[in-house]
Amino acid sequence: MSTAPIPPRSVGVLGGGRMGAGIAHAFLRAGCLVTVVERDPASADAARDRVLDGIRRSVERDPTVDEVEVGARLTTGTDSAAFGDADLVIEAVPEDRALKEEALSHAEAAMPAGAVLASNTSSISIDDLAAGRRRPERFLGLHFFNPVPASALVEIVRGAVTSTETVDSAREWVQALAKTPVVVRDSPGFASSRLGVLLGLEAIRMLEEGVASASDIDAAMTLGYRHPIGPLRTTDVVGLDVRLGIAEELERALGERFRPPDLLRRLVADGKLGRKSGEGFYAWNEER
Ligand SMILES: NC(=O)c1ccc[n+]([C@@H]2O[C@H](COP(=O)([O-])OP(=O)(O)OC[C@H]3O[C@@H](n4cnc5c(N)ncnc54)[C@H](O)[C@@H]3O)[C@@H](O)[C@H]2O)c1
């Protein structure tokens, strides 16, 4: 008989921006105590508003959620000492190696020795970050997707010295969020970016070579392969500049097959970044 996965009792989140607020939201909804630590009081207030806004929107979709009860389990502040009783701390500060190193050091100085420390990095090597850790066997990547409350996937990124016990705890905690974990060895682009970006780059090359129109290339994937929106529309939603940055990094790490097509570089240089700028492979006037 299988038992329901049990969430951690207390979770710390370092950085309450777009991803950190979503991660806090997801653990609050699973019944956890959640502490979000930000860099200054104004950012802590903004993080609190962001998390509470998200909860308010989820109440509109699901009236059984008790907004007051969920909100009462949230603490926000500026001092990592608040992670003193955490079972799990997730770092979600901006994608800057030095910033992450510093944030992770502060967190691990405060958290209990038996707790698990995770980074939500989308591209920095978990083994590189593990090198500076006090307890590297209790450190891993937890790669959440945006928007966190609505996304079904979390990549668990296992470093060379991450213990099996740590991976098992992470797997159970992700399942307790009603999300599906996939376990990936620390490697460039993990599983999701590596495959998703490669498909997007080939679709751009096909457009460049005049193989088919953008909407026909996307239709080939949505109707032929059940891709949800097609690789070009996905690139528009993620941001052409974001995809270009990842492709350049993967080209350095994995070689020629990730070389960004000229068309992608041209569109980014012209400020056509996809949905956020109003135009990419498609026009997005209504969604800006
Ligand atoms: N946005 C995405 O789609 C996405 C998806 C997956 C992973 N990620 C990764 O998640 C991480 C965070 O990205 P984001 O989009 O949420 O960024 P963001 O800029 O929205 O949020 C980062 C937050 O960290 C705070 N911060 C900065 N320095 C801090 C410090 N020293 N201590 C505590 N807080 C600090 C900032 O005030 C900000 O609120 C990055 O590593 C990013 O690569 C992002």
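First listed ligand is number 1; within each ligand, the first listed atom is number 1.
- Taking atom 9 (C) of ligand 1 as the reference point, the nearest protein heavy-atom neighbour is N120 O, 3.4 Å.
- A single hydrophobic cluster is not seen to contain both V184 and I156; linkage of ILVMFWY side chains at heavy-atom distances under 4.5 Å, directly or through other members, places them apart.
- Within the 4.0 Å heavy-atom criterion, the part of N146 lying near ligand 1 is the side chain and not the backbone.
- The residues D236 and R233 are annotated as not salt-bridged, no charged nitrogen and carboxylate oxygen being separated by less than 4.0 angstrom.
- For the pair R138 (side chain) and A115 (backbone), a donor-acceptor distance under 3.5 Å is present.
- Short contacts between ligand 1 and K100, defined as distances under 4.0 Å to a heavy atom of the residue, involve ligand atoms 40 (C), 41 (O).
- Proximity of A103 to ligand 1 is not established, as no heavy-atom distance is less than 4.0 Å.
- Neither the backbone nor the side chain of F145 has a heavy atom within less than 4.0 Å of ligand 1.
- Regarding atom 14 (P) of ligand 1, its nearest protein heavy-atom neighbour is M19 CG, 3.8 Å.
- Annotation: the span from L28 atom CG to H25 atom NE2 amounts to 8.0 Å, rounded to 0.5 Å.
- Among all protein heavy atoms, the one lying closest to atom 37 (O) of ligand 1 is E38 OE1, 2.7 Å.
- For ligand 1, the atoms sitting less than 4.0 Å from at least one non-hydrogen atom of V37 are 33 (C), 34 (N), numbered in the order shown with element in parentheses.
- Heavy atoms of H143 come nearer than 4.0 angstrom to ligand 1 in at least one pair.
- Interface atoms of ligand 1 facing G15, defined by a heavy-atom separation under 4.0 Å, are 24 (O), 25 (C), 33 (C), 34 (N).
- P94 counts as a contact of ligand 1, since one of its heavy atoms falls under 4.0 Å from the ligand.
- Of the heavy atoms in I124, none comes closer than 4.0 Å to ligand 1.
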With a 3.5 Å cut-off and sequence neighbours excluded, list the donor-acceptor pairs that the side chains of residues 187-195 form with protein atoms.
from, atom 1, to, atom 2, distance (Å)
S187, OG, R185, O, 3.0
S192, OG, E155, OE1, 2.7
S192, OG, E155, OE2, 3.4

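- Looking at atom 20 (O) of ligand 1, its nearest protein heavy atom turns out to be R18 N, 3.0 Å.
- Listed by number with element, the atoms of ligand 1 under 4.0 Å from a non-hydrogen atom of S122 are 7 (C), 8 (N), 9 (C), 42 (C), 43 (O).
- The nearest protein heavy atom to atom 17 (O) of ligand 1 is not closer than 4.0 Å.
- Among residues two or more places apart in sequence or in another chain, the salt bridge (Lys or Arg N to Asp or Glu O under 4.0 Å) test is passed with E108 by R133.
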